[in-house]
There are 2 protein chains.
Amino acid sequence: MKLREFAQQLGLSPTTVSRALSGYPEVSEKTRKRVAEEASRLGYRPNINAVRLATGRAGAIGVVMGRSGEFHFSEFMGGLAERLGTEDIDILVSPIDDKDPKGEIQLYSRLAVSGRVDAVIVHSPEPNDERIALLHKLGMPFLVHGRSDIDVPHAWLDIDNEGAIRRATSHLIDLGHRRIAMINGRKGRTFSLHRDKGYRDALQARGIPFDPRLVAHGNFTDELGFRFARSFLEQTPRPTAFVAGSMMTALGIYRAARSMGLEIGREVSVIAHDDVFPYLTAENMVPSLSATRSSMRAAGARSADLVLQLLSGRPTEEVHELWPVELILRESTAPPPEDA
Amino acid sequence: MKLREFAQQLGLSPTTVSRALSGYPEVSEKTRKRVAEEASRLGYRPNINAVRLATGRAGAIGVVMGRSGEFHFSEFMGGLAERLGTEDIDILVSPIDDKDPKGEIQLYSRLAVSGRVDAVIVHSPEPNDERIALLHKLGMPFLVHGRSDIDVPHAWLDIDNEGAIRRATSHLIDLGHRRIAMINGRKGRTFSLHRDKGYRDALQARGIPFDPRLVAHGNFTDELGFRFARSFLEQTPRPTAFVAGSMMTALGIYRAARSMGLEIGREVSVIAHDDVFPYLTAENMVPSLSATRSSMRAAGARSADLVLQLLSGRPTEEVHELWPVELILRESTAPPPEDA
DNA sequence: GCGATAATTTAAAACGGTTTGGCAAAACAC
DNA sequence: GTGTTTTGCCAAACCGTTTTAAATTATCGC
């Protein structure tokens with residue numbers, strides 16, 4: 001049913017009906033109520049594409065999905081979708097080929113120009129992120145999940161990676177560890193840099209020299225966790241503790257330690273970052289995994305909120321949110337063995 | 001820039017330009033080429049919402065995302081997005097609260113009525129799936145990822161769950177196992193039923209009685225894998241082998257076996273289904289995991305293809321695809337120990 | 001009860017394309 | 001050279017809303 005017919009049945013003009021449904025003040029309460037009732041009775045729904053054309057709004061926000069190791073992606077999306085489910089806003093997913101770094105910037109460009117989204121979310125930014133510069137230049141509203149040092153105003157939601165890793169590392173030092181390895185995320189991403197900084201600062205605060213041979217960067221996969229952990233553990237003296245970037249990395253570290261006959265929580269301590277997944281929990285690992293924790297799903301939900309705020313006019317400079325990260329100690333952390 | 005202005009610059013009518021860009025035959029090759037060139041030179045792009053309004057097409061396909069344990073979701077989405085990236089079709093993600101089974105059918109209903117999608121993808125169907133009946137009734141094109149026994153024509157893409165599990169189970173029997181436990185997916189889903197059938201048939205073919213105490217159903221989480229495996233292994237006599245529904249389940253089983261001092265690949269054999277994730281690979285587990293394997297990402301990409309075919313008029317009855325599943329034997333499977 | 005003001009409602013013009021039906025010009029048959 | 005097709009292009013109608021500007025009706029002060 002079209003607006004025209006519907007309005008006719010009500011004995012009103014299309015204008016009034018439209019205003020009534022959109023909650024404009026120029027229509028009397030009585031009329032509004034009648035319109036709302038009849039609409040649900042007769043099942044009238046405005047044609048979404050006509051609305052979008054007329055308003056110039058796309059009614060969607062864009063999310064760019066990387067190709068590799070994005071297991072936290074569905075959690076973030078879940079949160080996003082959860083929050084947006086009640087609004088009339090869609091989520092538009094675009095894929096990006098990780099291997100072609102040029103392609104990504106083009107993709108954002110297309111996304112912005114195409115008018116299919118009202119805003120986009122940028123993930124895993126870099127300190128000087130081209131995408132942010134581009135979106136700002138194009139005037140497309142966007143929220144950064146993470147942060148950037150770039151000299152361009154941008155709204156962001158980030159977790160306190162630096163503080164989390166500083167605390168985790170400090171805790172390991174408190175326990176007596178001196179050789180602490182760090183398996184971090186992809187080089188060049190802001191969150192990796194922040195984590196690096198937290199790690200270094202914690203060491204420095206206790207006068208422990210930084211050893212580049214104990215730090216590795218890479219995607220959050222079980223395989224890299226294993227390979228890096230393995231190569232670190234083959235050094236002499238070997239590290240007595242690990243700080244790791246993800247649950248998958250932690251799985252790899254557990255595996256590596258086990259493959260070398262080392263007992264986690266006694267000979268090797270591990271703290272990893274946990275994004276909180278329903279299908280793999282730090283608490284259930286054996287031994288249970290000490291973790292810095294922050295819910296990816298919650299971040300997704302909040303991101304949706306913030307984007308909506310941006311779209312309804314809240315100034316970019318106001319939208320900065322830094323979330324604290326919990327440190328949860330479990331069995332995988334303990335003082336180093338006597339002989340280490 | 002609008003079509004009007006663009007056409008004017010070319011000295012053509014909007015009609016001709018529109019046709020030229022859409023590849024209609026009524027326009028000469030020379031003109032078409034000129035239009036295409038100028039379009040990219042001047043950066044003209046049709047307004048997507050105007051196109052959608054005029055054509056009545058939504059230009060998007062819908063995917064409903066469950067809330068729990070959906071770690072394979074991002075892989076499927078990745079495949080989908082990859083294939084759809086080249087088309088002018090968006091992916092629209094809608095969330096569903098798993099706890100409210102009534103909500104899901106309503107969501108599909110809204111999705112279909114709202115006109116925001118041209119087609120939807122239905123996941124993890126049941127033998128008599130309400131959603132399928134609904135979509136058929138509403139005349140909304142849809143592709144089922146999985147299959148249903150329902151008496152309603154539906155296009156589907158499925159993997160041969162039954163055959164895969166039959167082979168896996170048979171292989172374990174060949175190795176000498178007699179007490180084989182099965183940790184399957186959620187009860188009531190077609191794929192779980194198919195796997196159950198494959199399991200039972202394999203047993204029956206060898207005259208091994210079916211023991212309901214060796215079968216469990218539930219979400220694909222590490223935790224459930226652990227709990228079920230643990231309780232099975234506490235039985236006497238205990239099972240000597242496991243067939244499991246997912247990588248996460250396998251992690252749980254590994255953990256359970258280890259927690260009871262049992263060696264996987266010697267005292268306990270395991271075969272799990274592997275959807276192929278970049279961040280967690282069966283080959284890298286210790287011991288490496290024997291698996292039935294089928295790429296979720298490939299299924300996503302192919303699903304996109306099939307949906308496009310449906311939309312361009314291919315009859316539903318023709319769109320049925322059953323994918324064979326590889327069985328890859330690694331270290332986690334071996335003959336049962338002598339004393340078992 | 002009248003003019004002024006406020007509260008409602010409406011007709012018509014966007015929004016930016018696609019598509020139908022028609023009309024010249026060019027190509028063809030004879 | 002005439003009548004018939006075919007080819008290439010165009011004017012106008014249409015898709016279903018929102019929104020602007022104007023018209024109507026209700027309310028109010030006096």
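Order of the sequence lines sets the chain letters (A, B, ...), proteins ahead of strands, with each chain counted from 1.
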In whole Å, what is the span from the [atom1] atom of [X] to the [atom2] atom of [N]?
X	N	atom1	atom2	answer
A:Arg57	C:dA14	CZ	P	20 Å
A:Glu29	C:dT8	CD	C1'	13 Å
B:Glu5	C:dG17	CD	C1'	13 Å
B:Arg19	D:dT7	CZ	P	15 Å
B:Arg4	D:dA12	CZ	P	11 Å
A:Leu10	C:dT10	CG	P	10 Å
A:Leu12	D:dT24	CG	C1'	14 Å
B:Leu53	C:dG17	CG	P	12 Å

Side chain of [X] only, please: which of [options] is the nearest?
X	options	answer
B:Thr55	C:dT18, D:dT17, C:dT20	C:dT18
A:Asn47	C:dG17, D:dG16, C:dT10	D:dG16
A:Ser28	C:dT18, D:dT20, C:dT9	C:dT9
A:Ser18	D:dC10, D:dT18, C:dT18	D:dT18
B:Thr16	D:dG16, D:dT20, D:dC10	D:dC10
B:Pro46	C:dT19, D:dT17, C:dG17	C:dG17

Notebook entry, point to check: Counting any heavy atom closer than 4.0 Å, what does B:Arg45 reach on the DNA or RNA strands: base, sugar-phosphate only, or nothing?
Noted result: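 Answer is sugar-phosphate: B:Arg45 comes under 4.0 Å of backbone atoms only.
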Taking ring pair (Phe, Tyr, Trp, His ring centres under 6.0 Å) as the criterion, tell me which of B:Phe277, B:Phe71, B:Phe73 meets it with A:Tyr279.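 Among the candidates, only B:Phe71 passes.
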Let me spell it out: for each of B:Pro25 and B:Ala50, pick the nucleotide of DNA chain D with the closest heavy atom. Which residue's pick is nearer the 5' end?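 The 5'-side residue here is B:Pro25.
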Next item on the list: Select from A:Leu3 and B:Gly11 the residue whose nearest nucleotide in DNA chain D is closer to the 5' end of that strand.
Entry: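 Going by which nucleotide is closer to the 5' end, it is B:Gly11.
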Distance test, side-chain N/O of [X] to OP1/OP2 of [N], below 4.0 Å:
X	N	answer
B:Thr15	D:dC10	no
B:Lys2	C:dC15	yes
A:Tyr44	D:dG16	no
A:Thr31	C:dT9	yes
B:Tyr24	C:dT19	yes

* Do B:Thr15 and B:Ser18 have side-chain N/O donor and acceptor atoms under 3.5 Å apart? ->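 Note: B:Thr15 and B:Ser18 side chains miss the donor-acceptor criterion.
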query: Less than 6.0 Å separating the ring centroids of A:Phe142 and A:His136?
result: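 Centroid distance A:Phe142-A:His136: not below 6.0 Å, so no.
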Original post:
For A:Glu126, does its backbone N or O pair with a side-chain atom of A:Ser148 as donor and acceptor, under 3.5 Å?
Top reply: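 Yes, A:Ser148 side chain to A:Glu126 backbone: donor-acceptor pair under 3.5 Å.
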ask   = Going through the distances and angles, do A:Arg34 and A:Glu37 end up as a salt bridge (charged side-chain N to carboxylate O under 4.0 Å, His left out)?
value = CA-CA 5 Å; A:Arg34 187 161 75 94; A:Glu37 271 166 11; over 6 Å; no
Query - Heavy-atom closest pair, residues B:Tyr44 and B:Lys2 - result: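 It is CE1-C, 3.6 Å.
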